[in-house]
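Worksheet: the structure to be examined is printed underneath.
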Amino acid sequence: MKAALATAYGGPEVIRIAEVPTPTQKSNEVLIRIHASAVNAADWRLRRANPWFVRLVFGPFKPRNPILGVVFAGEVAAVGSAVSKYKQGDRLFGWTSVTRLGAHAEYIALPESGAFTPMPAGMAYTDAAAIPFGFGTAMNFLGKAGMIAGQRVLVYGASGAVGSAAVQLARQLGAEVTGVCSTRNVELVHSLGATQVLDYTKDDLSAHRNGFDVVFETVGKLPFMACVALVKDGGTLILGSDLPADMLKRAFSSKGGKQVKVIAGTVSGTAAHMQHFTSLWEKKLIRPVIDRTFPLERIREAHALAESWHKVGSVVITMP
Ligand SMILES: NC(=O)c1ccc[n+]([C@@H]2O[C@H](COP(=O)([O-])OP(=O)(O)OC[C@H]3O[C@@H](n4cnc5c(N)ncnc54)[C@H](OP(=O)(O)O)[C@@H]3O)[C@@H](O)[C@H]2O)c1
């Protein structure tokens with residue numbers, strides 16, 4: 001099968017398309033013919049070994065598993081002898097896992113208990129591939145925050161993969177959502193359900209001090225104390241992009257005399273979340289945002305766009 005391999009850490013140029021053996025499913029696994037995947041923040045961070053501790057988990061000198069890709073949409077090509085949930089021809093979408101990776105290839109074998117679920121009828125593979133990473137991450141963090149209907153939620157980085165999903169999911173949970181993005185994305189963020197959109201290139205965020213029950217900083221671009229200033233006393237700050245060293249620092253950081261619950265950490269998708277997104281999509285309550293779609297052969301361009309910090313929603317790749 002064809003796969004995109006990153007056999008060294010570095011820029012998009014380390015990726016090459018190669019022929020590799022097609023995996024065979026074990027008894028508890030499904031073999032999936034992948035039709036679409038996405039190049040996400042996790043992929044470019046692993047490829048660049050950014051942050052450095054990526055090397056501790058994925059290999060000190062080069063990636064141990066050179067096929068990146070944590071999300072997929074595809075079709076069951078074969079099932080192992082013990083598989084009962086799925087059959088050949090089922091269309092599935094979801095996560096491989098942040099450690100397993102492997103979705104930037106034509107086939108993958110995954111345990112049937114994995115973080116994926118059947119695709120709804122009528123959903124395109126490209127749309128399905130654009131849902132798991134952003135929506136899965138946003139759902140996890142909003143769940144940890146214990147968000148309830150009627151709360152005021154600010155999503156910073158509202159046009160990215162996580163941010164565009166967070167705006168839609170917070171709205172579905174009954175929040176009054178304020179999105180923050182740059183001028184070119186204001187209309188999009190409104191269309192996703194934000195009642196107020198602030199333009200970080202023009203608007204003064206300090207005018208909204210103590211304005212929000214929950215602040216979800218998705219991109220790690222707003223300084224910690226500026227985030228804290230936006231949260232009401234007793235509110236919650238989600239730092240979706242924080243790294244472990246930052247998290248340790250936060251425990252000892254001043255919160256400006258306020259009680260602010262700070263949430264960070266690593267999250268990943270679950271099958272239950274994918275089922276929830278299926279149901280929301282069927283009711284037309286969420287929609288994936290796709291910046292561009294590239295064929296697998298042009299995956300270097302997809303990586304370059306994904307690490308630009310200015311993609312809108314997801315960057316999708318399609319398999320031959
Ligand atoms: N903790 C976890 O388990 C976990 C899981 C998933 C992702 N993450 C992390 O979450 C972060 C976001 O991922 P993502 O895929 O959503 O990123 P992304 O899609 O690449 O984010 C791009 C967006 O960021 C916006 N942006 C860039 N600079 C900004 C600024 N100064 N102020 C406000 N917005 C700005 C851009 O908007 P404009 O073009 O309008 O500027 C763009 O739409 C990454 O660091 C990723 O590693 C963490």
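One-based numbering, in listed order, for ligands and for the atoms of each.
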Near-ring test Y86/F116, centroid separation under 6.0 angstrom: yes
Sub-4.0 Å heavy-atom approach of G157 to ligand 1: yes
Considering all heavy atoms, the nearest S97-V70 contact: O-CG1, 3.7 Å
Donor-acceptor pair, side chain of Q168 and main chain of R287, under 3.5 angstrom: yes
Positive for side-chain contact (heavy atoms from CB on, under 4.5 Å) with L239, one of I263, T218, V215, V262: V262
Within-shell test, E307 vs ligand 1, heavy atom, strictly < 4.0 Å: no
Nearest protein heavy atom with distance in Å, relative to atom 39 (O) of ligand 1: H310 ND1, 2.7 Å
Main-chain N/O of G313 paired with K311 side-chain donor or acceptor, under 3.5 Å: yes
K311 contact mode with ligand 1 (heavy-atom cut-off under 4.0 Å): both
Hphob cluster co-occupancy, I131 + I317, side-chain heavy atoms under 4.5 angstrom: no
Check: L230 and Y156 side chains under 4.5 Å, non-hydrogen atoms: no
Candidate with minimal heavy-atom separation from atom 44 (C) of ligand 1, of G179, S241, G136: S241
Within-shell test, A264 vs ligand 1, heavy atom, strictly < 4.0 Å: no
Heavy-atom proximity to atom 4 (C) of ligand 1, best of A41, S182, G240: G240
Selected option - heavy-atom contact closest to atom 37 (O) of ligand 1, from A42, G160, S159, C181: S159
Any donor-acceptor pair under 3.5 Å from K62 side chain to A6 backbone: no
Close approach, V267 and ligand 1, non-hydrogen under 4.0 angstrom: yes
Nearest protein heavy atom with distance in Å, relative to atom 31 (N) of ligand 1: K221 CB, 3.5 Å
Check against side chain to side chain contact (heavy atoms under 4.5 Å, CB included), T201 and S182: CA-CA 6 Å; T201 69; S182 70; 4.0 Å; yes
Ligand 1 atoms in contact with F133 (distance to a heavy atom under 4.0 Å): 6 (C), 7 (C), 15 (O)
Atom 47 (O) of ligand 1: the protein heavy-atom neighbour that sits closest, reported with distance to 0.1 Å: R45 NE, 2.7 Å
Short N or O distance, G265 and ligand 1, threshold 3.5 Å exclusive: yes
Nearest-neighbour protein heavy atom for atom 5 (C) of ligand 1, which is reported as residue plus atom name and distance: T137 CG2, 3.4 Å
Nearest neighbour of atom 30 (C) of ligand 1 from the list Y200, W44, F141, on a heavy-atom basis: Y200
Electrostatic pair E13:R300 at N-O distance under 4.0 angstrom: no
Minimum-distance protein heavy atom relative to atom 17 (O) of ligand 1: W309 CZ3, 4.0 Å
Top protein contact for atom 32 (N) of ligand 1, by heavy-atom distance: Y156 OH, 3.0 Å
Winner among T218, V162, V39, T266 once heavy atoms are compared against atom 12 (C) of ligand 1: T218
Distance filter under 4.0 Å to V219 heavy atoms, resulting ligand 1 atoms: 21 (O), 24 (O), 34 (N)
F216 and F141 aromatic ring geometry - parallel, tilted or perpendicular at 30°/60° bounds: perpendicular
Student check: side-chain heavy atoms of R152 and H208 closer than 4.5 Å: no
